[in-house]
Q: 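I'd like to ask you about the structure that follows.
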Number of protein chains: 2
Amino acid sequence: MNNFKPIKQIKASDEVFNQLREAIFSGRFSAGDKLPSERELIEKFAVSRTVVREAIKSLEARGLVVIKQGATGGAFVKEMTFDRLSSDCNDLFFLGKMSFNEICQARLHIEPIVAGLAAKHCTPEHAKLLLEANANESLTLEYPETVMLRSKIHYLLADMCNNRFLTAIDKSLIQLVGSISSKFQPDTDKIHPPGMHHSIIDAVIAGDEAGAEQAMRAHLLDFLVLLDGIEEEYRHTQ
Amino acid sequence: MNNFKPIKQIKASDEVFNQLREAIFSGRFSAGDKLPSERELIEKFAVSRTVVREAIKSLEARGLVVIKQGATGGAFVKEMTFDRLSSDCNDLFFLGKMSFNEICQARLHIEPIVAGLAAKHCTPEHAKLLLEANANESLTLEYPETVMLRSKIHYLLADMCNNRFLTAIDKSLIQLVGSISSKFQPDTDKIHPPGMHHSIIDAVIAGDEAGAEQAMRAHLLDFLVLLDGIEEEYRHTQ
DNA sequence: ATACGTTAAATGTATGACATATAACGTTTC
DNA sequence: GAAACGTTATATGTCATACATTTAACGTAT
């Protein structure tokens, strides 16, 4: 008898948000497309401008659209990228939901797998890129560039694993470890001296899946020794 | 000579958003706390209500606060959870940025690791929960509950790995595979007959890390055979 | 003690006005 | 003809005010 469902008083702005989101997800608007202007949306949804604007603001905050001002402006559907995952990981770390140690351990488990897959799928073009990156590693440039050079190999391998989910996760972890550790110890050479990647690259280029996995694991263990104790100090100096 | 920096015309609502976000991240407001009311924020930031509201809307869309209406209402800082990652994964899949196959493969690589870690950290209480879940698995209830029962073991193991990042990733994958495959084939018994988890549980409870890893991998391979071909059919029937 | 109405405090919505950003077009100037 | 400049049109961004709605808490009558 008690089958009455509660009346859900959904807010108008949320309703508009939902409908627009669905339209994007269903492909009715795809990346680069412009959503109808505020004025048109007001008419179609028969709501006030306030409501439309808040809905679009939410879409923007969720990373589904970018808003451009001006004559040819409007809300344009964004090419969805895996950056969202990275940014969320950042949030989680800074809100104390993940310890630095957990991130490092996760990377220790995942990146060897990625390296193995990279070895499995390595093409001559990939090999060329890897060797190039490896040669450039010892260059010393300005601060942020050095970090980029030093982790380039890791990003390349992530791109080679042929699985966009693993690529995204791996890149998030690499980026997170990098940004956290360099915040604490800006001297790149101390936390990651150049030339630590030779054996990994050799194995990957040889297509040696197990070898690449093993080499990456060994490298990360070495690296983590250098980073040991960083988290406490970081948390202290906050 | 050309050292002039471009004037960044940051929108007022974004500025308010950023300041509030920083306040949350820095711990000035923590989970459960109430942000100042719109009226107070208007005064403190010296902006219009529109701006304040849009900023708060963005915080809500990013999952940082929940907004409650009414006398004791306001914007309350949300306990940040790993659900965000899951929701991102959902978005990415539905926007076609990940194939079902990629998700399954990622799970195939990650979940055995998680199972191994679970074995490493298994306590008697954990063992009890696992055995309970295993016993309940063959019960047949209403539709959504059955799916829950059948995947309970996986969620339990995810919680046991002692690494919140891996827990979150693993759960996202489990949830995603579950929801996608059941959308295609609602008959739970066909895609995942009960009783497939015995060997995994035995190994985990025995603390046999390698064994648990191996058992999980075998289970997933079996499972994926059943799911083979789902994606194409799914994409077609869309 | 329960039921009910009142009140107060918050967010939600509507509307109109004006500010600002930006591309496109036209016009002047050389 | 091309570059510089002003004009205009069309977006979004901001402000201000009024009113609607939701919700908890308090008071009051039954």
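A quick note: this is a predicted structure, and the numbers were derived from the prediction, not measured.
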Q: Distance check needed: dA11(D) P versus Lys57(A) NZ, whole Å only.
A: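 From Lys57(A) NZ to dA11(D) P: 19 Å.
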
Q: Check whether more than 12 heavy atoms from other residues, nucleotides or ligands sit under 6.0 Å from atom NZ of Lys128(A), and answer yes or no.
A: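 No, not enclosed.
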
Q: Can you measure Gln69(B) atom CD to dA10(C) atom C1' for me and round it to whole angstrom units?
A: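 It works out to 8 Å between those atoms.
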
Q: Which one, dT14(D), dG12(C), dA9(C), comes nearest to the side chain of Ala71(B)?
A: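 From the listed options, dA9(C) comes nearest.
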
Q: Rounded to whole angstrom units, what separation is found between the CG atom of Asp14(B) and the C1' atom of dT14(D)?
A: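 Result: 13 Å.
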
Q: Please find the pair of heavy atoms, one from Ala168(A) and one from Leu85(A), that lie closest to each other, and give the distance.
A: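 Of all heavy-atom pairs spanning Ala168(A) and Leu85(A), the closest is CB-CD1, 3.8 Å.
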
Q: Hey, are Ser172(A) and Gln175(A) close enough side-chain-wise for a donor-acceptor pair under 3.5 Å?
A: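 Not at all, the side chains of Gln175(A) and Ser172(A) share no donor-acceptor pair under 3.5 Å.
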
Q: Which of residues 48-55 of chain B have a heavy atom under 4.0 Å from DNA chain C?
A: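 Nucleic-acid contacts, sorted: Arg49(B), Arg53(B).
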
Q: Do the charged groups of Asp14(B) and Lys57(A) touch, with an N to O distance under 4.0 Å?
A: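 A salt bridge is present here (some side-chain N lies under 4.0 Å from a carboxylate O).
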
Q: Using 30° and 60° as the class boundaries, would you call the ring planes of Phe25(A) and Phe94(B) parallel, tilted or perpendicular?
A: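 Ring orientation of Phe25(A) relative to Phe94(B): parallel.
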
Q: To the nearest 0.5 Å, what is the distance between SG on Cys104(A) and CG on Leu176(A)?
A: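 It is 9.0 Å, given to the nearest 0.5 Å.
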
Q: If I compare all heavy atoms of Ile153(A) with all of Asn134(A), which pair ends up nearest, and what's the gap?
A: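 It is CD1-N, 3.8 Å.
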
Q: Take the protein atom CD1 of Ile56(A) and the nucleotide atom C1' of dT14(D), then report the distance between them rounded to whole Å.
A: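 Ile56(A) atom CD1 is separated from dT14(D) atom C1' by 16 Å.
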
Q: Starting at CD1 of Ile67(B) and ending at P of dT21(D), how long is that distance when rounded to a whole Å?
A: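 So the two atoms are 19 Å apart, to the nearest Å.
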
Q: Tell me the interatomic distance from Ile42(A), atom CD1, to dG13(D), atom P, rounded to whole angstroms.
A: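 It is 13 Å, rounded to the nearest whole Å.
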
Q: Rounded to whole Å, how long is the line connecting atom CD of Glu15(A) with atom P of dG12(C)?
A: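 So the CD-P distance, Glu15(A) to dG12(C), works out to 16 Å.
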
Q: Looking only at heavy atoms, what is the nearest atom pair of Ala55(A) and Val16(A), with distance?
A: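 Heavy-atom minimum between the residues: CB-CG1, 3.5 Å.
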
Q: Just how far, in rounded Å, is C1' of dA21(C) from CD1 of Ile10(B)?
A: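 Going from Ile10(B) (CD1) to dA21(C) (C1'), I get 16 Å.
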
Q: Specify the residues of residues 29-40 of chain A, ordered by number, for which at least one heavy atom lies under 4.0 angstrom from an atom of DNA chain C.
A: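 Of all residues in residues 29-40 of chain A, none places a heavy atom under 4.0 Å from DNA chain C.
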
Q: Under 4.0 Å: is that the gap between some side-chain N or O of Ser13(B) and OP1 or OP2 of dT14(D)?
A: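 For Ser13(B), the contact criterion (side-chain N or O under 4.0 Å from OP1 or OP2 of dT14(D)) is met.
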
Q: Would you please enumerate the stems DNA chain C participates in, each stem being three or more consecutive Watson-Crick or G-U wobble pairs with both distances under 3.5 Å?
A: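 Detected stem regions: C:1-9 with D:22-30, C:11-19 with D:12-20, C:21-30 with D:1-10.
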
Q: Using 0.5 Å steps for rounding, measure from the CD1 atom of Ile42(A) to the NZ atom of Lys44(A).
A: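 Spacing of CD1 (Ile42(A)) from NZ (Lys44(A)) equals 12.5 Å.
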
Q: Do NZ/NE/NH1/NH2 and the carboxylate oxygens of Lys97(B) and Glu79(A) come within less than 4.0 Å?
A: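 Result for this pair is yes, salt bridge flagged.
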
Q: Using a strict threshold of under 4.0 Å (side-chain N to carboxylate O), is an ion pair present between Arg28(A) and Asp33(A)?
A: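 Result for this pair is no, no salt bridge flagged.
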
